*Asks:* 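Input: one structure, supplied below.
In what follows, every heavy atom counts, from backbone to side chain, and hydrogens, waters and symmetry copies are set aside. Only a predicted model underlies this, so the values are computations on that prediction, with no experimental measurement involved. Position 1 is the first residue of the sequence, and the numbers go up from there.
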Amino acid sequence: MWCLELLLPLLLIINDASCQWNVWIPRDISAMTNSCVVIPCTFMYPSGIRPYRGIHGIWYFGQPYPQLFPPVVFKSRTDVVHESYKGRTKLLGDLHQRNCTLLINNIGAEHSGRYYFRADLGGANMYTYPDFAELKVLDQPNIDVPEEIVSDESLELTCYAPDNCPDLTPEIQWMYTDYLPDPEFSSSYLEESNTAVLSNTLTFTPRPMHNGQLLGCRVYYPNTTLVYERLISLDIKYAPRSVWVNASAEVMEGSTVMLHCEVDSNPHPRISWTFGDQELLWDTASNISLILDDVTPANEGVYTCIGDNGYGMMNTSLYLSVKYPPREPTLNESMTVLEGTSLALHCSTQGSPAPTLTWLKDGELVGTITADELSVLEIMEITPQGDGQYRCLAENEHGRASSSLNITVEYAPVLLEESKCTVVREGVQCVCMATGNPEPTIEFYLPDLNITINETDGRYNFYTHTDGHTTTGMIKLREKGERVDNGGPAVNVHCSIYNMYGRESVFLELQQEKKYMMAVIVGTIGGVAVIAFIIAAVRYVGHNNKKENGNPRQDVVLENPALYYSAVKKDKQNLRKKVLKTELLGSKFNSILEETTGEDGDYQPVGSMAGLERQELNYAALEFIGARPREGALGRGDDGSNYTEIKAK
């Protein structure tokens with residue numbers, strides 16, 4: 001273990017003249033508890049000193065000065081030692097050979113400390129060497145662990161066991177290495193300052209998963225019960241290897257959201273939440289939570305959690321989607337355009353999920369339904385029918401919103417089919433109807449008279465009315481004019497319509513004249529025929545009376561009153577039917593006239609019988625004078641009727 005044979009000759013070579021009080025002992029020495037330890041020692045004294053009664057030595061513990069009464073570990077003169085060292089110490093060296101090596105058996109933790117040697121050469125030649133040996137009594141082996149263990153970098157761990165006991169040789173064994181990737185073991189033996197240390201080195205490449213794992217070193221002495229163990233926990237530094245965050249989430253506008261982030265790294269990283277280029281929150285920890293209150297669509301986007309601990313950096317992102325109903329759509333301004341213009345109406349809005357956009361015109365669907373935040377309605381060469389309100393309706397599952405605009409289409413005036421001249425009771429009325437934007441102006445022109453009509457005159461009434469974009473003009477000619485070949489009135493009226501975009505002049509024809517004249521003729525002939533029939537019936541009755549009485553002026557006495565009454569009554573009933581038929585025809589004629597002129601005689605729309613004038617109907621009447629009963633007769637018929645004489649008046 002130690003080569004004392006080599007040490008002593010070297011010391012003896014030193015020139016005695018140069019010798020002083022010197023000692024050579026290891027500054028540090030260690031031993032396992034309950035084992036033994038040998039402290040190598042060689043001393044020198046001045047050459048001029050002759051030992052008196054031999055050379056003696058004393059080992060002190062803790063203090064070099066005898067006057068302080070330090071514990072005596074070993075004393076060559078006597079066996080008087082400190083109680084804690086009784087039977088445990090032995091001098092292995094020969095003091096005459098200047099070898100003061102000491103053996104201590106069965107050492108314990110209380111024996112750890114400084115040991116001093118004192119040489120006693122007799123008389124006053126006693127000297128305590130100031131140099132000392134520091135003994136460390138270990139109850140477990142030492143493991144040399146680097147200050148920093150970095151993941152994925154090769155690591156060496158060395159376990160040490162002192163080998164300073166001549167009778168015991170230690171063995172070293174690593175524990176809990178089964179989970180290590182490809183571990184390697186190597187042993188070495190080191191002597192320094194006359195002390196020996198046995199070591200065993202474990203080499204492997206740690207991974208982040210090995211952080212916190214236990215490793216152990218066991219030191220034991222074969223054929224003894226002495227076993228010593230030490231456990232260590234691996235503190236492996238590694239860059240963030242995982243960053244966990246919430247899954248991407250959908251939240252409603254106005255709600256509260258918590259974004260949580262956890263980072264696996266050693267040491268703890270600096271964790272931060274960022275939104276775009278803005279850092280919202282940070283801390284040095286293994287996890288962090290970001291709370292967003294009353295979220296709005298502005299909070300929608302990518303949120304990133306970043307972990308950085310100096311060994312590396314890692315980040316993970318999530319997307320926060322904020323759901324909300326559509327905003328009020330943005331449209332073009334209301335506009336006024338000219339007919340034929342092509343338009344593009346834009347409707348844009350925001351909503352989540354993306355809303356559907358629907359265009360409505362005056363409540364009716366136009367265009368297509370678009371599932372986007374922008375919809376364009378194209379109107380090619382707009383017509384007057386395109387005039388109206390256009391509304392854009394935005395809808396999604398969370399609500400709806402709409403906006404509208406008005407499109408006013410301006411166009412040149414257009415004459416309507418209702419424009420015409422017709423016969424009325426007072427004469428002829430002409431109606432001119434036109435539509436346009438701006439509202440058209442209507443004028444009537446009578447070329448025969450070279451008159452432009454736009455106001456009331458004695459010969460005609462002028463009337464105009466505007467309803468929306470439609471203007472109606474009307475004149476009523478009080479005189480019917482000259483008759484043409486077919487008997488109808490001669491009408492020569494022109495209608496002029498105009499606005500800022502155009503002018504048009506048209507001739508108004510007199511419509512349905514033949515039909516109206518035919519109605520007048522037929523009505524007149526029918527009335528005359530009815531009157532003639534009534535007159536003939538009356539004359540027929542009077543003629544029969546003359547035949548029977550001979551003198552129409554005299555009173556008539558009926559020979560057979562019942563028979564005569566029956567005949568007269570029958571004729572009277574037939575006459576009454578014809579009169580009723582005539583009255584019905586007259587009533588119908590009167591109703592037609594009322595439709596044409598109205599109750600007060602003012603202008604009304606012209607009907608199919610507008611050309612007819614009122615006709616006076618003359619009705620024939622029979623006048624019965626007071627009758628007297630025939631002499632000798634009861635004056636009453638079988639049916640209870642009174643008999644009366646009939647005379648022509």
*Asks:* Can you sort out the partners of E439 under salt bridge (Lys or Arg N to Asp or Glu O under 4.0 Å), two or more places apart, ordered by chain and number?
*Replies:*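 Salt bridge (Lys or Arg N to Asp or Glu O under 4.0 Å) check on E439 returns nothing, list empty.
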
*Asks:* Taking everything shown except H398 itself, do over 12 heavy atoms lie less than 6.0 Å from its NE2?
*Replies:*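 More than 12 within 6.0 Å, yes.
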
*Asks:* Which residues pass the ring pair (Phe, Tyr, Trp, His ring centres under 6.0 Å) test with Y238, not counting sequence neighbours?
*Replies:*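 If we apply the ring pair (Phe, Tyr, Trp, His ring centres under 6.0 Å) test to Y238, skipping adjacent residues, there are no hits.
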
*Asks:* Looking just at side-chain N and O atoms, do Y498 and E504 make a donor-acceptor pair shorter than 3.5 Å?
*Replies:*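 Side-chain D/A pair, Y498 to E504: absent.
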
*Asks:* Decide, yes or no, whether a salt bridge links R241 with E262 under the criterion of side-chain N to carboxylate O below 4.0 Å.
*Replies:*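 Looking at E262 together with R241, the answer is no, because their closest N to O distance does not fall below 4.0 Å.
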
*Asks:* Closer than 3.5 angstrom, by distance alone: can the side chain of N396 be matched with the main-chain N or O of Y324 as a donor-acceptor pair?
*Replies:*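 Answer holds: yes.
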
*Asks:* To the nearest 0.5 angstrom, please state how far the CD atom of E250 sits from the CE atom of M252.
*Replies:*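 E250 atom CD to M252 atom CE measures 10.5 Å (nearest 0.5 Å).
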
*Asks:* My understanding is that only residues two or more places apart in sequence, or in another chain, count here; which of them pass side chain to side chain contact (heavy atoms under 4.5 Å, CB included) with P267?
*Replies:*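 With neighbours one apart ignored, the set is K237, N309, Y311.
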
*Asks:* Nearest 0.5 Å, please: how far is CG in D293 from OG1 in T296?
*Replies:*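 One gets 12.0 Å once the value is rounded to the nearest 0.5 Å.
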
*Asks:* What do you reckon, C430 and C495 SGs under 2.5 Å?
*Replies:*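 Answer is no, sulfur atoms not closer than 2.5 Å.
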
*Asks:* What verdict does the side-chain contact (heavy atoms from CB on, under 4.5 Å) test give for C392 and T358, after you've listed the backbone C-alpha separation in whole Å, the side-chain angles of each residue and the deciding distance to 0.1 Å?
*Replies:* CA-CA 6 Å; C392 179; T358 305; over 6 Å; no

*Asks:* Any side-chain heavy atom of L393 within less than 4.5 Å of one from E395?
*Replies:*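 Sidechains of E395 and L393: in contact.
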
*Asks:* Taking side chain to side chain contact (heavy atoms under 4.5 Å, CB included) as the test, write out the residues that go with M433, two or more places apart.
*Replies:*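 Partners of M433 under the side chain to side chain contact (heavy atoms under 4.5 Å, CB included) test: L416, E418, S419, V431, T470, T472.
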
*Asks:* Once you round to the nearest 0.5 Å, how far does CZ of R400 lie from OG1 of T356?
*Replies:*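 Interatomic distance, R400 CZ to T356 OG1, rounded to 0.5 Å: 9.0 Å.
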
*Asks:* Just one of L292, V245, I306 clears the side chain to side chain contact (heavy atoms under 4.5 Å, CB included) bar with W273, so which one?
*Replies:*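 In the set L292, V245, I306, the residue that makes a side chain to side chain contact (heavy atoms under 4.5 Å, CB included) with W273 is V245.
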
*Asks:* Start with the C-alpha distance between I382 and L343, add both sets of side-chain angles, then the distance that settles side-chain contact (heavy atoms from CB on, under 4.5 Å), and finish with yes or no.
*Replies:* CA-CA 8 Å; I382 193 168; L343 305 176; 4.0 Å; yes

*Asks:* Can you list the steps and then say if L365 with W359 is a side-chain contact (heavy atoms from CB on, under 4.5 Å)?
*Replies:* CA-CA 6 Å; L365 176 66; W359 281 99; 5.9 Å; no

*Asks:* Hey, mind stepping through E253 and R327 against salt bridge (charged side-chain N to carboxylate O under 4.0 Å, His left out) and telling me if it holds?
*Replies:* CA-CA 13 Å; E253 181 181 21; R327 300 295 189 248; 2.8 Å; yes

*Asks:* Could you give the distance from CG (D264) to CE (M314), rounded to the nearest 0.5 Å?
*Replies:*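 Output value for this atom pair is 9.5 Å.
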
*Asks:* Can you sort out the partners of T464 under side chain to side chain contact (heavy atoms under 4.5 Å, CB included), two or more places apart, ordered by chain and number?
*Replies:*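 Partners of T464 by the side chain to side chain contact (heavy atoms under 4.5 Å, CB included) criterion, ordered by chain and then number, come out as F462, T471.
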
*Asks:* Only pairs at least two apart or in different chains count here, so list each side-chain hydrogen bond (donor to acceptor under 3.5 Å, both in side chains) that has a residue in residues 329-351.
*Replies:*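 Sorted pair list comes back empty.
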
*Asks:* Tell me, please, which residues at least two apart from Q389 pass side chain to side chain contact (heavy atoms under 4.5 Å, CB included).
*Replies:*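 Per chain and number, Q389 pairs via side chain to side chain contact (heavy atoms under 4.5 Å, CB included) with D362, S404, N406.
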
*Asks:* Can you tell me how far the OG1 atom of T408 sits from the CG atom of L338, to the nearest 0.5 Å?
*Replies:*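 It is 12.5 Å, given to the nearest 0.5 Å.
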
*Asks:* Is the number of heavy atoms from other residues, nucleotides or ligands within 6.0 Å of CD (E364) greater than 12?
*Replies:*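 No - once you tally the heavy atoms of other residues, nucleotides and ligands closer than 6.0 Å, there are 12 at most.
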
*Asks:* Quick one: do the T316 and W244 side chains pair a donor with an acceptor below 3.5 Å?
*Replies:*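 No donor-acceptor contact under 3.5 Å links the two side chains.
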
*Asks:* Return the set of residues passing side chain to side chain donor-acceptor pair (under 3.5 Å) with E300 (not counting sequence neighbours), or none when no residue passes.
*Replies:*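 Once residues adjacent in sequence are excluded, the partners of E300 under the side chain to side chain donor-acceptor pair (under 3.5 Å) criterion are Y319.
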
*Asks:* For F275, which residues count as a ring pair (Phe, Tyr, Trp, His ring centres under 6.0 Å) partner, sequence neighbours excluded?
*Replies:*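 F275: ring pair (Phe, Tyr, Trp, His ring centres under 6.0 Å) contacts with Y303.
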
*Asks:* Under the ring pair (Phe, Tyr, Trp, His ring centres under 6.0 Å) rule, collect the residues that match up with Y179, sequence neighbours excluded.
*Replies:*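 Y179 satisfies ring pair (Phe, Tyr, Trp, His ring centres under 6.0 Å) with H210 only.
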
*Asks:* Just jot down the ring pair (Phe, Tyr, Trp, His ring centres under 6.0 Å) partners of H494, sequence neighbours excluded, or say none.
*Replies:*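 By the ring pair (Phe, Tyr, Trp, His ring centres under 6.0 Å) rule, H494 matches F507.
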
*Asks:* Please lay out, stage by stage, how I407 and D387 fare under the test side-chain contact (heavy atoms from CB on, under 4.5 Å).
*Replies:* CA-CA 5 Å; I407 295 181; D387 188 286; 5.9 Å; no

*Asks:* So, do T256 and V295 sit near enough that their side-chain heavy atoms are less than 4.5 Å apart?
*Replies:*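 When only atoms from C-beta onward are counted, V295 and T256 do not touch, as no gap falls below 4.5 Å.
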
*Asks:* Roughly how far, to the nearest 0.5 Å, is the CZ atom of R391 from the SG atom of C347?
*Replies:*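 Reported to 0.5 Å precision, the distance equals 11.0 Å.
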
*Asks:* Let me have the donor-acceptor pairs involving side chains of residues 279-291, under 3.5 Å, with sequence neighbours excluded, atom names and distances please.
*Replies:*
unit_1: E279; atom_1: OE1; unit_2: R270; atom_2: NH2; d: 3.4
unit_1: E279; atom_1: OE2; unit_2: R270; atom_2: NH1; d: 3.2
unit_1: S289; atom_1: OG; unit_2: H260; atom_2: ND1; d: 2.6

*Asks:* If we ignore angles and hydrogens, is there a donor and acceptor under 3.5 Å between the side chains of R503 and S496?
*Replies:*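 Side-chain D/A pair, R503 to S496: present.
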
